[in-house]
Amino acid sequence: MDQTRTLIDDLPPTEAPPRANGEMVFAEPWEARAFGIALALSNDGHYDWESFRQSLIASIGHWEADHGADDPSWRYYDRWLEALEHLLLARGLVAADELDRRTEDFMCHAREEVY
């Protein structure tokens with residue numbers, strides 16, 4: 001975990017997770033979960049951290065190509081989740097239909113937690 005933490009801390013500002021007073025900031029619980037899942041899968045050897053980082057860079061690049069620099073819809077963890085999903089599918093760690101089903105289940109539970 002320390003090695004992955006070092007890799008995260010060494011990310012350039014354009015790729016780094018949002019921080020406040022040096023600590024990572026999550027606006028919603030799902031963001032922390034997505035963050036933890038990406039770390040856990042890397043730590044367990046399902047992919048190396050550089051593969052995730054490259055997927056994140058690509059996700060950010062695609063978003064930037066389609067949006068203006070001042071677009072208020074920017075959300076870092078949307079890009080993080082997109083990068084994670086892409087990597088999970090590309091590595092065959094989950095099938096597309098299973099990912100869709102689990103995402104729907106997760107979103108239903110997340111809505112229940114809010115209410």
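Here the structure is a predicted model, which is why all the values come from computation and not from measurement. Reckoned from all heavy atoms, side chains included, excluding hydrogens, waters and symmetry mates.
- No side-chain heavy atom of His86 sits less than 4.5 Å from a side-chain heavy atom of Ser59.
- One N or O on the side chain of Tyr47 and one on the backbone of Ala38 form a donor-acceptor pair closer than 3.5 Å.
- Here Ile37 contributes atom CD1 and Glu85 contributes atom CD; the two are 10.0 Å apart, rounded to the nearest 0.5 Å.
- Heavy atoms from other residues, nucleotides or ligands lying under 6.0 Å from CZ of Arg91 number more than 12.
- In this structure, the separation between CG on Leu41 and OG on Ser51 is 12.5 Å, given to the nearest 0.5 Å.
- Separation of atoms CZ (Arg79) and CH2 (Trp74) is listed at 6.5 Å; rounding is to 0.5 Å.
- Heavy-atom minimum distance, Ala83 versus Ser55: O-OG, 2.9 Å.
- For the side-chain hydrogen bond (donor to acceptor under 3.5 Å, both in side chains) with Arg101, the qualifying choice from Thr103, Asp97, Asp105 is Asp105, the only one to do so.
- Between Leu56 and Tyr76, the closest side-chain pair of non-hydrogen atoms falls below 4.5 Å.
- Taking each heavy atom of Leu89 and Ala95 in turn, the nearest pair found is CD2-C, 3.9 Å.
- In this structure, Glu31 CD and Arg33 CZ are separated by 11.0 Å, a value rounded to the nearest 0.5 Å.
- In this structure a side-chain-to-backbone donor-acceptor pair under 3.5 Å is missing from Glu82 to Asp78.
- In the displayed structure, His46 atom NE2 is contacted under 6.0 Å by more than 12 heavy atoms of other residues, nucleotides or ligands.
- In this structure, the separation between CG on Leu88 and CZ on Arg102 is 10.5 Å, given to the nearest 0.5 Å.
- Trp80 and Phe52 have their aromatic ring centers within a separation under 6.0 angstrom.
- How far CZ of Phe26 is from CZ of Phe35: 5.0 Å, rounded to the nearest 0.5 Å.
- Using a 4.0 Å cut-off between charged side-chain N and carboxylate O, Arg75 and Glu28 make a salt bridge.
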